[in-house]
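In listed order, ligands and their atoms are each counted from 1.
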Amino acid sequence: MDKPTRRDFLRRTGAAAIAASPVAQALGAGGTRAPQSANDKLVLGLIGCGGMGASNMRSLLEFPDVTVAALCDVDSSRIPGDYKFVKDKVGQAPDVYSDYRQMLDRKDIDAVIIGTPDHWHALNLVHACEAGKDAYCEKPISHNIREAKAMVGAQQRFGRVVQVGTWQRSSQEFVDALAYVRSGKLGKVVHCRAWISDGTRIGKVKPSDAPSSLDYNAWIGPAAMHPYQSNKVHWNWRWVMNTGGGLTTDWGVHMLDIALLGLSPDQDFKMPTSASSIGGQWAITDDDRDAPDTVDALFAFDDSPVSISWTVNRDHPGKPGHGTEFIAADGKTLRVWRGGWVILDAEGKELPKEGSDAYPTSHWRDWVDCVKMRGKPRADLASVARTTMVCHLANAALFSGATVRWDPEAMDIAGKAGRETMAYDREYRAGFKLPKYADSW
Ligand SMILES: NC(=O)c1ccc[n+]([C@@H]2O[C@H](COP(=O)([O-])OP(=O)(O)OC[C@H]3O[C@@H](n4cnc5c(N)ncnc54)[C@H](O)[C@@H]3O)[C@@H](O)[C@H]2O)c1
């Protein structure tokens, strides 16, 4: 394959459009700094030194034109591993913060990695945009639909480049599978199925004092204050609806993303117009988790004869524990998961497949390139906001017990059903306020 020219790159990424936007012009396309040359080092700060924040930082530090100047976490016990890693790799010790807003005040930091739990993403990201920083933000982008809209509003208002951590978009098997579906070779797709197996138990523990290393008040942040329980913080917060959205947002945002992308020619995919869902905490009842362990959600489109289903359940014998399937009118199925993809005929016999001629750069490199060229990353915030909102719609339908309607013009829930749920909106705890910009969806 020929090497793409800079013009090809700009056309592909829509960089020209971003650079020309009035806000980007007003700020200078590079935000806090003058536009960077390709050789300039991108200076990063990490917010949330947990599992995925640390992993993203390590991937980004593989690039010679990236460095890390600062780390921030509200639990000081989470920092030493990353501190040593940066010191050894970069040759200079990073500065350490417990308040991300102080880190954002630094003019020498160009961009941040947001690796906090989901209930913190919206504030972290909006404040980063206001401070003129680009961001690599973990998925799902938000804890509810209103936050997702506010995040996109801030990104657009401040002209920031934001990649979301749905890295399947840069992974060869998903790129190939999506190209095949989009080419029409599978045939007319009438149904997409996405799923994750979940049997996680977080156990039962009594409330206690938080360890001295953790500022629990800061960790809870805008969410409702609940007494500290050691099994509800690091990693496990995703099975607690006050801080996560259960597996429907945690994994739905990965696997439903592929379904939605496969039904559209580009990132700005069509939103479903309704969601209904049944399920609950049916299997794991003797546990402190309150996320549903069983979910069957169904999405429909008023103007297209295709549906999408989402399942959270126990293992599916003989099948990968997660995945996305496209089912064609004649029964042919394309199944893709982390690590592979297959095409099966209606009897389940494997058919020959063709890869695409697209060989994506890594998700993290794509972001760095887009930051430097003011481009649109593969998992641009506005695009993954759509997927995230689709996941929230499933939760809104489950918790309201109603079919929730979506108005794709207004990009909002139509009618009342679903609006009363935490998947749509919630009041922040006193002292926390999410800024909202007029040009949000
Ligand atoms: N893309 C992927 O494949 C993938 C995989 C795993 C996790 N994730 C996402 O990454 C994010 C983090 O997940 P995790 O499993 O690493 O969580 P984690 O609990 O291991 O880490 C989160 C860290 O953020 C810190 N933190 C919380 N509030 C903070 C604040 N206000 N300021 C600074 N630090 C704060 C916590 O103390 C903790 O160290 C989540 O959004 C999750 O969905 C993505």
Ligand 1 to [X] polar contact by distance, N or O atoms, under 3.5 Å:
X: Gly53; value: no
X: Gly51; value: yes
X: Ser98; value: no
X: Tyr100; value: no

Any side-chain heavy-atom pair of Trp406 and Phe299 under 4.5 Å: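 No, too far: nothing below the 4.5 Å cut-off.
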Plane angle bin for Trp251 and His254 - parallel if under 30°, tilted between 30 and 60°, otherwise perpendicular: perpendicular
Quick test: of every protein heavy atom, which one is nearest to [atom], and how far off is it to 0.1 Å?
atom: atom 5 (C) of ligand 1; result: Met52 SD, 3.5 Å
atom: atom 12 (C) of ligand 1; result: Gly115 O, 3.2 Å
atom: atom 30 (C) of ligand 1; result: Val74 CG1, 3.6 Å
atom: atom 10 (O) of ligand 1; result: Glu138 CG, 3.1 Å
atom: atom 17 (O) of ligand 1; result: Trp237 NE1, 3.4 Å
atom: atom 43 (O) of ligand 1; result: Lys139 O, 2.8 Å
atom: atom 35 (C) of ligand 1; result: Thr116 CG2, 3.5 Å
atom: atom 28 (N) of ligand 1; result: Trp120 CD1, 3.3 Å

Go through ligand 1 atom by atom and flag the ones less than 4.0 Å from a non-hydrogen atom of [X].
X: Gly165; result: 1 (N)
X: Ile47; result: 32 (N), 33 (C)
X: Arg78; result: 18 (P), 19 (O), 20 (O), 21 (O), 38 (C), 39 (O)
X: Asp250; result: 43 (O)
X: His254; result: 1 (N), 2 (C), 3 (O)
X: Arg338; result: 3 (O)

Side chain, backbone, both or neither: [X] near ligand 1, heavy atoms under 4.0 Å:
X: Arg238; result: side chain
X: Thr166; result: neither
X: His143; result: neither
X: Trp235; result: both

Criterion side-chain hydrogen bond (donor to acceptor under 3.5 Å, both in side chains) on Thr200 and Arg238, from CA distance to verdict: CA-CA 11 Å; Thr200 303; Arg238 45 184 44 77; over 6 Å; no
Matching residue for Ser170 among Gln163, Arg365, Arg378 - test: side chain to side chain donor-acceptor pair (under 3.5 Å):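 One option only clears the test, and that one is Arg378.
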Single hit among Arg426, His119, His143 for side chain to side chain donor-acceptor pair (under 3.5 Å) with Asn242: Arg426
Test item, Gly221 contacting ligand 1 (heavy atom, 4.0 angstrom):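 In this structure, Gly221 fails to qualify as a contact of ligand 1 - no heavy atom is under 4.0 Å.
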Identity of the nearest option to atom 36 (C) of ligand 1, non-hydrogen atoms only, from Asn236, Ile220, Asp99, Asp73: Asp73
Chi angles and distances behind the salt bridge (Lys or Arg N to Asp or Glu O under 4.0 Å) call for Lys372, Asp65: CA-CA 10 Å; Lys372 293 192 163 189; Asp65 54 348; 3.0 Å; yes
Polar side-chain atom of Asn231 near backbone of Ile202 as donor-acceptor pair, under 3.5 Å: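 Indeed, once roles are kept as given, a pair shorter than 3.5 Å links the two residues.
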Full working for salt bridge (Lys or Arg N to Asp or Glu O under 4.0 Å) between Arg201 and Asp286: CA-CA 9 Å; Arg201 291 169 187 276; Asp286 55 340; 2.9 Å; yes
Atom CD of Glu420 with >12 non-hydrogen neighbours under 6.0 angstrom: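 Check passes, neighbour count above 12.
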Enclosure of Lys84 NZ (heavy-atom neighbours >12, cutoff 6.0 Å): no
Atom pair CG (Leu104) and NE2 (His127), whose distance is rounded to the nearest 0.5 Å: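 That separation rounds to 8.5 Å.
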Spatial distance of atom OG (Ser264) from atom CE (Met271) [nearest 0.5 Å]: 11.0 Å
For Ile196 against His322, the heavy-atom pair lying closest together: CD1-CB, 3.7 Å
From Thr324, Leu334, Leu178, residue fulfilling side-chain contact (heavy atoms from CB on, under 4.5 Å) relative to Trp341: Leu334
